[in-house]
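Scroll down for the structure; my scribbles are underneath it.
Keep in mind that what you see is a predicted model, and the values were worked out from it rather than measured.
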Amino acid sequence: MGIQDKIAAIELEMARTQKNKATEGHLGELKAKLAKLRTQLLEPAPGTSTGPGAGFEVQKYGDSRIALIGFPSVGKSTALAQITGTESEAAAYEFTTLTCIPGIIHY
């Protein structure tokens with residue numbers, strides 16, 4: 001029985017179980033098992049290599065590291081692009097930049 005089959009069985013049991021005060025604990029346990037199985041379904045199996053990830057590594061360089069944190073649409077990406085020369089998407093709507101953009105300030 002694979003993970004998909006276990007998820008289907010738990011969902012079927014949750015659909016058949018009446019929702020009342022006496023079954024709240026049982027439904028909570030089923031929801032926890034379902035969440036755990038869905039997490040296992042999304043994660044790669046241990047020991048398998050998926051190759052290089054989508055992340056990045058910033059080499060230690062200079063005296064400090066700086067993070068720009070603030071409200072949406074205030075110009076953080078534009079300021080970073082002007083100071084460091086990096087390219088970051090900027091648009092007229094909120095949450096345009098969804099990932100970290102590394103940059104180095106040369107002075």
Side-chain angles (χ1 to χ4, degrees):
M1 183 178 233
I3 294 177
Q4 296 278 357
D5 297 331
K6 290 179 183 179
I7 289 174
I10 290 174
E11 287 175 342
L12 179 66
E13 185 175 350
M14 287 176 68
R16 288 185 294 155
T17 304
Q18 286 184 334
K19 294 175 179 74
N20 58 42
K21 198 169 191 174
T23 60
E24 282 180 359
H26 178 65
L27 286 172
E29 290 174 1
L30 290 176
K31 287 180 183 179
K33 287 180 184 178
L34 189 61
K36 184 177 179 183
L37 288 173
R38 286 184 177 158
T39 303
Q40 288 177 358
L41 188 63
L42 294 175
E43 293 177 353
T48 60
S49 176
T50 58
F56 57 88
E57 179 66 31
V58 178
Q59 182 180 356
K60 282 193 172 185
Y61 177 80
D63 295 326
S64 65
R65 293 184 182 188
I66 299 172
L68 300 175
I69 301 172
F71 293 107
S73 301
V74 295
K76 297 180 296 291
S77 296
T78 305
L80 180 70
Q82 291 291 322
I83 294 171
T84 63
T86 59
E87 290 189 22
S88 176
E89 184 180 349
Y93 53 91
E94 295 180 351
F95 304 110
T96 306
T97 306
L98 298 176
T99 60
C100 296
I101 309 295
I104 297 175
I105 300 173
H106 297 283
Y107 57 96

Can you measure from [atom1] ([X]) to [atom2] ([Y]) and round to the nearest 0.5 angstrom?
X	Y	atom1	atom2	answer
Leu68	Thr78	CG	OG1	11.0 Å
Leu41	Gln4	CG	CD	5.0 Å
Thr39	Leu34	OG1	CG	9.5 Å

Is the shortest side-chain heavy-atom distance between Lys6 and Lys33 below 4.5 Å? no
Which atom pair, heavy atoms only, marks the closest approach of Leu30 to Ile10? O-CG2, 3.7 Å
Using the side-chain hydrogen bond (donor to acceptor under 3.5 Å, both in side chains) criterion, which residues pair with Thr84? Sequence neighbours excluded. Thr86
Evaluate whether atom CD of Glu87 has more than 12 neighbouring non-hydrogen atoms of other residues, nucleotides or ligands under 6.0 angstrom away. no
Under 3.5 Å, side-chain donor or acceptor atoms of residues 20-29 against the rest of the protein: list the pairs with distances, not counting sequence neighbours.
| from | atom 1 | to | atom 2 | distance (Å) |
| --- | --- | --- | --- | --- |
| Asn20 | OD1 | Ala22 | N | 3.0 |
| Asn20 | OD1 | Thr23 | N | 3.1 |
| Asn20 | OD1 | Thr23 | OG1 | 3.4 |
| Thr23 | OG1 | Gln18 | O | 2.6 |
| Thr23 | OG1 | Asn20 | N | 3.2 |
| Thr23 | OG1 | Asn20 | O | 3.3 |
| His26 | NE2 | Glu13 | OE2 | 2.8 |

